[in-house]
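In listed order, ligands and their atoms are each counted from 1. In this chain, numbering begins with 1 at the start of the sequence shown.
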Amino acid sequence: MDTSFFLAWVDEITRVVAAERDRLTELDAAIGDADHGANLDRGFTAVRAALAETTPASPGALLVLVGGTLIRKVGGASGPLYGTAFRQLGKTLGDAGEVSPAEFAAALEAAVDAVRRLGSAAEGDKTMVDALAPAVRALGAAAAEGAKAAEAFDAAARAAEEGAAATVPLQARKGRASYLGPRSVGHEDPGAASTALILGALRTVGAR
Ligand code: ADP
Ligand code: MG
């Protein structure tokens, strides 16, 4: 996978986030402050604007730019968390021009570790980590078995979707939703839902 592959991923994320903006906002209306869809849409629109100005030389440079833009443009909890994830993903890939599924899996693991360090959320706390962590495990397992990108990304996307769905019965222990205590039960976590979209976009681009 080269820089143009990751550019296509970012384009697909931007498209899907815009299309699902209202659903993400509704999820956040139930257990947060109804801005998650708008936050991510603003962030990825800014990413597209930044990419209209410069073409990064490598996948790593591209993903660092995505992360930095999200940190600057997306407020709330999710901006710094997703921003840190993309920056770490990019930093771990370094300046390689071509990335294998196994290298991407290792970089995504580093990205999720950075999210855990920043937000101190563990799996089961009803956050984006509940979608990210199983996706990383599925991707790592597929890559270790020598799976091709399309297959590995499909496994990761499915694990993220299952992880997001599994947040419904949980009580939030981190972020704004945790203020609701037991009333946070019965709703999907918006950040886990957006993580499933981001990995779903990777599957879409990987299948082309
Ligand atoms: P805010 O909660 O500040 O309004 P958003 O609505 O954009 O920010 O994002 C909310 C999402 O951020 C939550 O659904 C959750 O997935 C994620 N989140 C919040 N706090 C944390 C945390 N400490 N660690 C991991 N993810 C978190
Ligand atoms: Mg919110």
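Remark: ligand 1 and G119 share an N or O pair separated by less than 3.5 Å (distance only, no angle test). The N/O atoms of D33, backbone and side chain alike, include one that comes under 3.5 Å of an N/O atom in ligand 1. For the pair G191 and ligand 1, the shortest N or O to N or O distance falls below 3.5 Å. Of the polar atoms of H36, at least one N or O is found under 3.5 Å from an N or O of ligand 1, judged by distance alone.
Ion pairing between a basic and an acidic side chain is recognised when a charged N comes within 4.0 Å of a carboxylate O; R176 and D28 show no such pairing. Salt-bridge check for R23 with E20: passed, with a basic side-chain N closer than 4.0 Å to an acidic carboxylate O.
What sits closest to atom 20 (N) of ligand 1 on the protein, heavy atoms only, is G175 CA, 3.4 Å. Summary of contacts: the protein heavy atom closest to atom 16 (O) of ligand 1 is D189 OD2, 2.6 Å. Protein heavy atom closest to atom 2 (O) of ligand 1, with residue, atom name and distance, is R176 NE, 3.5 Å. From the protein, the heavy atom lying nearest to atom 7 (O) of ligand 1 is S78 OG, 2.6 Å. Ranking protein heavy atoms by distance to atom 24 (N) of ligand 1, first place goes to A121 CB, 3.4 Å. Residue, atom and distance of the protein heavy atom nearest to atom 17 (C) of ligand 1 are M128 CE, 4.0 Å.
Not less than 6.0 angstrom separates the ring centroid of F44 from the ring centroid of W9.
Within the 4.5 Å cutoff, the side chain of F6 has no heavy atoms near those of the V66 side chain. Taking the side chain as every heavy atom from C-beta outward, V185 and L170 never approach each other to under 4.5 Å. Residues T25 and D35 are not in side-chain contact: their nearest non-hydrogen atoms beyond the backbone lie 4.5 Å or more apart. Between H36 and S194 there is a side-chain heavy-atom pair separated by less than 4.5 Å. Residues E123 and P134 are in side-chain contact: their nearest non-hydrogen atoms beyond the backbone lie under 4.5 Å apart.
A side-chain N or O of S4 and one of D2 form a donor-acceptor pair less than 3.5 Å apart. T195 and Y82 are linked by a side-chain donor-acceptor pair at a separation below 3.5 angstrom, with hydrogens and angles left out of the test.
Between atom 21 (C) of ligand 1 and the options L27, L81, D28, the minimum heavy-atom separation is to L81. Of the candidates A29, A77, S194, A77 brings a heavy atom nearest to atom 19 (C) of ligand 1.
Under a 4.0 angstrom heavy-atom cut-off, G32 registers as lying outside contact with ligand 1.
Take a cut-off of 2.8 Å around the Mg ion (ligand 2): the protein N, O or S atoms inside it are D28 OD2, D33 OD1, D35 OD1.
Shown in contact with P190 at under 4.0 Å from a heavy atom are these atoms of ligand 1, numbered in order with element: 14 (O). Close approach of ligand 1 to D35 is summarised as follows: ligand atoms under 4.0 Å from at least one heavy atom of the residue are 4 (O), 5 (P), 6 (O).
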Side chain to side chain donor-acceptor pair (under 3.5 Å) evaluation trace for T92 with Q88: CA-CA 6 Å; T92 309; Q88 189 61 56; 3.2 Å; yes

Audit row: E26, R21, salt bridge (Lys or Arg N to Asp or Glu O under 4.0 Å) steps and yes/no: CA-CA 9 Å; E26 276 161 32; R21 176 193 153 115; over 6 Å; no

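Checked options I198, T204, L199, L197; the residue passing with I13 is I198 (criterion: side chain to side chain contact (heavy atoms under 4.5 Å, CB included)).
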